[in-house]
Amino acid sequence: MSGKIDLHRGDAAKEYGLGDRFIADRNTVHWIENKRSVPAAMPVTGVAKKK
């Protein structure tokens, strides 16, 4: 990850940067935003239960 992003969950937002991580399941409404002038990159991993 590089740069910083803001993770929104409902009305709350928290800043994340290099070395930070978060978990959100498919039932959690969330989105990320970068309001800064520096680009941000973040790897995303999805895990699904095998049916």
Side-chain angles (χ1 to χ4, degrees):
M1 182 173 169
S2 63
K4 293 185 180 186
I5 56 103
D6 297 311
L7 171 68
H8 297 267
R9 294 179 194 230
D11 294 333
K14 181 178 176 186
E15 182 180 273
Y16 288 85
L18 184 62
D20 293 333
R21 61 181 170 241
F22 64 88
I23 297 173
D25 66 27
R26 66 180 175 170
N27 298 313
T28 302
V29 176
H30 62 284
W31 67 96
I32 59 172
E33 179 179 33
N34 179 9
K35 292 183 178 181
R36 295 153 191 89
S37 61
V38 177
M42 181 183 77
V44 176
T45 302
V47 178
K49 183 178 178 182
K50 186 175 180 178
K51 291 184 177 185

### Task
Quick one: pull up NZ in Lys4 and CG in Asn34 and give me the separation to the nearest 0.5 Å.
11.0 Å

### Query
Are there more than 12 heavy atoms of other residues, nucleotides or ligands under 6.0 Å from atom CG of Asn27?
yes

### Summary
Distance col, row Arg26:CZ vs Lys49:NZ, nearest 0.5 angstrom, shows 9.5 Å

### Task
Mind telling me whether Tyr16 and Phe22 have parallel, tilted or perpendicular rings, with 30° and 60° as the class edges?
tilted

### Query
Is Ile5 reachable from Val44 through a run of I, L, V, M, F, W or Y residues, each pair having side-chain heavy atoms under 4.5 Å apart?
yes

#### Entry: Those residues that, when tested against Arg36, pass salt bridge (charged side-chain N to carboxylate O under 4.0 Å, His left out) (two or more places apart)
Asp6, Glu15

### Message
Under the rule for salt bridge (charged side-chain N to carboxylate O under 4.0 Å, His left out), what residues qualify as partners of Asp20, not counting sequence neighbours?
### Response
none

